[in-house]
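Data first, discussion second: the structure below is written as structure tokens.
The analysis underlying the following values was restricted to heavy atoms, covering all of them including side chains, and did not include hydrogens, waters or symmetry mates. Counting starts at 1 for both ligands and their atoms, following the listed order.
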Amino acid sequence: MAVERTLSIIKPDATNRNLTGKINAKFEDAGLRIVAQKRIQLTKAQAGEFYAVHKERPFYDELCEFMASAPVVVQVLEGEGAIAKNRDVMGATNPADAAPGTIRADFAESVGENSVHGSDAPETAAAEIAYFFSGLELVG
Ligand code: ADP
């Protein structure tokens with residue numbers, strides 16, 4: 001399997017509860033390497049641009065408000081099959097459906113405030129990484 005990079009975001013519900021280290025441990029235990037990472041405060045407009053694909057969904061405004069409500073940690077994870085592996089480590093969108101031991105099963109508060117974001121395909125991973133990081137910030 002090819003080595004991939006994927007974009008991860010530790011969301012405001014998790015940064016508020018000081019869970020960055022515990023979440024990063026789950027990535028590293030699964031063999032994902034954190035090759036770039038920074039803590040930033042998104043504006044609602046920036047969150048809206050990032051989640052533009054969800055513009056027509058009923059939860060879009062709530063999602064943008066939430067993502068701008070406190071700092072987030074944006075990161076690039078690297079590893080064999082990193083995109084799917086990260087989705088496995090994250091667990092299902094709704095924590096009620098997430099498999100035991102996944103980040104969302106252990107930490108998420110609700111379907112909206114679900115602790116992490118992860119890219120879902122190679123094309124979105126490339127675009128999402130480029131949204132937050134320059135090539136110079138990716139040091140492997
Ligand atoms: P995922 O983050 O698992 O890829 P989606 O792409 O479907 O899930 O949704 C993006 C984000 O939008 C979710 O992670 C969650 O924060 C929010 N969201 C999804 N569905 C709902 C919902 N029914 N109500 C509120 N927020 C939601």
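For CZ of R39, the number of neighbouring non-hydrogen atoms (other residues, nucleotides, ligands) closer than 6.0 Å is greater than 12.
Between F50 and M67 the shortest side-chain heavy-atom distance does not fall below 4.5 Å.
The distance from atom CD of Q41 to atom CD of Q46, rounded to the nearest 0.5 Å, is 9.0 Å. Expressed to the nearest 0.5 Å, how far CD1 of I129 lies from CD of E78 amounts to 9.5 Å. Atom OG of residue S115 and atom NZ of residue K26 lie 10.5 Å apart, to the nearest 0.5 angstrom.
Closer than 4.0 angstrom to ligand 1 lie heavy atoms from K11, H54, R57, F59, E62, L63, R87, T93, R104, V111, G112, N114.
Residues satisfying the side chain to side chain contact (heavy atoms under 4.5 Å, CB included) criterion with E113, sequence neighbours excluded, are D13, F66, E109, S110.
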